[in-house]
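First up is the structure itself, then whatever we jot down about it.
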Protein chains: 2
Amino acid sequence: MTRSTNTQFAVAVHVLTYLAGIDDGRPASSDELSKSTNVNPVHIRRVMGPLRDAGLVRSRPGVHGGWELALTPSRVSLDQVWLLLQGTDPVLGLHDPDPVCATGRSVQKSLIALDQKVAGAIAASLQQVTVQHLLAEVHSDDGADLRARRKGSP
Amino acid sequence: MTRSTNTQFAVAVHVLTYLAGIDDGRPASSDELSKSTNVNPVHIRRVMGPLRDAGLVRSRPGVHGGWELALTPSRVSLDQVWLLLQGTDPVLGLHDPDPVCATGRSVQKSLIALDQKVAGAIAASLQQVTVQHLLAEVHSDDGADLRARRKGSP
DNA sequence: TTGAACTGTAGCCACAGTGATTACGGAATG
DNA sequence: CATTCCGTAATCACTGTGGCTACAGTTCAA
């Protein structure tokens, strides 16, 4: 029943926000990122590859290498990330009806059109959110944590 | 990379349209439906179960049993189907970040909120389409086929 | 009343997508 | 150089999905 066991989008968003939250210009290694996201460093590199190719982040090998944002956080909206990782794959699952059946062919066509419509709706939702927004929420949460701690809450 | 190998929504939409397209009140058996959708009859029954429980379709065992619509096609919108099969499962994949990391916790929260927003956008898209619409497209396609055939096109 | 035609489920199997892990080559730094 | 990184391939385990078989229960017709 459960759909989307694919967590690459979530991981990518996490990494981008993490990178945006680093105060000095220091890059973060895949290993450091893997700690925070709780996924394998190799997987981090695999997921971030397309984002690097698209120019959202940079990566450098070597002693003080690692990952860093290539754009201002406010210029990275989540629909870019979605598109890079999801591509144009169907969002709704499509089956493979009997090609002889007219109903099957027609429904297939309708579902494909519908899928594109839904994909557009998703992109529109994600376009409104940038890494900058997420970073602001992190800071706001930090503040809440501090305030709560000051009051003695758990 | 490819998401949603789950084709239950597509199968359900197909079946509903098929049922709506049956002229006389005759019910269709899982076997007949499995031919058109090209999936196993047992799977048909599994997928349609929630739709039956929700009152969208009826099923009857026995000699002239099978499946039939319980509602007028125009009253069945696709977001109902989506909700019944998808439930409230996350549309975006969610990972499981290190609970100690503040960025992880915050991004997690943001992603959950975002997921609900996206789910709403999907539902809104699907709500605009009913089985009636799909059936009309089937008929329209039929007409196109006939016209094309009359002109000698393949 | 018997048998045929259905649904409802449970159980098992195969396939595919996802991600962990290991391994190794190459580049940058000191 | 030796170390620290990335890039990538190869392999493995886990899980979701759906095919398939089997069987119990229900309906209807002869």
Side-chain angles (χ1 to χ4, degrees), chain A residues 1-12 14-15 19 25-35 37-53 56-68 70 85-87 89-98, chain B residues 1-12 14-15 19 25-35 37-53 56-68 70 85-87 89-98:
Chain A
M1 224 77 81
T2 303
R3 198 171 300 237
S4 83
T5 58
N6 184 330
T7 63
Q8 296 185 19
F9 175 74
V11 169
H14 185 139
V15 167
L19 293 178
R26 172 179 68 87
S29 71
S30 302
D31 217 63
E32 177 180 353
L33 294 168
S34 84
K35 297 288 198 310
T37 53
N38 202 23
V39 302
N40 197 280
V42 176
H43 191 224
I44 293 279
R45 292 197 281 265
R46 271 200 289 247
V47 169
M48 297 304 289
L51 307 199
R52 178 192 53 229
D53 297 344
L56 300 189
V57 294
R58 276 187 297 265
S59 67
R60 268 202 340 267
V63 172
H64 288 118
W67 299 85
E68 54 190 358
L85 294 177
Q86 171 74 7
D89 290 341
V91 183
L92 279 36
L94 294 179
H95 69 317
D96 187 28
D98 177 12
Chain B
M1 223 79 79
T2 303
R3 198 170 300 232
S4 81
T5 59
N6 184 329
T7 63
Q8 296 185 19
F9 174 75
V11 169
H14 185 139
V15 167
L19 293 179
R26 170 180 69 87
S29 71
S30 304
D31 217 63
E32 177 179 353
L33 295 169
S34 84
K35 298 286 199 309
T37 52
N38 202 25
V39 301
N40 196 278
V42 175
H43 192 225
I44 293 279
R45 292 196 282 265
R46 272 200 288 244
V47 169
M48 297 304 289
L51 306 198
R52 178 193 53 230
D53 297 342
L56 299 188
V57 295
R58 275 188 297 266
S59 68
R60 265 201 343 265
V63 171
H64 289 119
W67 299 84
E68 54 190 359
L85 294 178
Q86 172 74 5
D89 290 342
V91 183
L92 278 37
L94 294 179
H95 69 318
D96 187 27
D98 177 11

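Because only heavy atoms are used, hydrogens play no part in the values below, and waters and symmetry mates are left out as well, while side chains stay in. By convention in this document, chain letters (A, B, ...) are assigned in the order of the sequence lines, proteins followed by strands, and residues within each chain are numbered from 1.
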Can you name the side chain to side chain contact (heavy atoms under 4.5 Å, CB included) partners of B/V63, sequence neighbours left out?
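Testing B/V63 for side chain to side chain contact (heavy atoms under 4.5 Å, CB included), a comparison that skips the adjacent residues, returns none.
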To the side chain of [X], which of [options] is closest?
| X | options | value |
| --- | --- | --- |
| A/S30 | D/dG18, D/dC6, C/dT21 | D/dC6 |
| A/S29 | C/dA28, D/dC6, D/dT17 | D/dC6 |
| B/T7 | C/dT29, C/dG19, D/dG18 | D/dG18 |
| B/H64 | D/dA29, C/dT7, D/dG7 | D/dA29 |
| B/T5 | D/dG18, C/dG17, C/dT7 | C/dG17 |
| A/H43 | C/dG30, C/dG19, D/dG18 | C/dG19 |
| A/W67 | D/dG7, D/dG18, D/dT27 | D/dG7 |

For [X] and [N], what is the distance between atoms [atom1] and [atom2] respectively, to the nearest whole Å?
| X | N | atom1 | atom2 | answer |
| --- | --- | --- | --- | --- |
| B/E32 | C/dC6 | CD | P | 9 Å |
| B/R45 | D/dG25 | CZ | C1' | 12 Å |
| A/R52 | D/dC5 | CZ | P | 17 Å |
| A/D96 | D/dT17 | CG | P | 18 Å |

Short side-chain N/O contact to C/dG19 OP1/OP2 from A/Q8, under 4.0 Å:
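Yes, within the criterion.
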Does a side-chain N or O from A/N40 land closer than 4.0 Å to OP1 or OP2 of C/dG19, or not?
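Checking A/N40 against C/dG19: no side-chain N or O falls below 4.0 Å of OP1 or OP2.
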Distance check, rounded to the nearest 0.5 Å: A/H14 atom NE2 versus A/T7 atom OG1?
11.5 Å
Check every strand shown and say whether B/V42 touches a base, only sugar-phosphate, or nothing at a heavy-atom separation below 4.0 Å.
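Base contact.
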Across the strands shown, which category fits B/R58 at heavy-atom distances under 4.0 angstrom: base, sugar-phosphate, nothing?
nothing
Pair of N/O donor and acceptor under 3.5 Å linking C/dG8 base with B/R60 side chain
no
Under a plain distance cut-off of 3.5 Å, with no hydrogens placed, do B/W67 and B/S30 share a side-chain donor-acceptor pair?
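On atom types as modelled, these side chains qualify, holding a pair under 3.5 Å.
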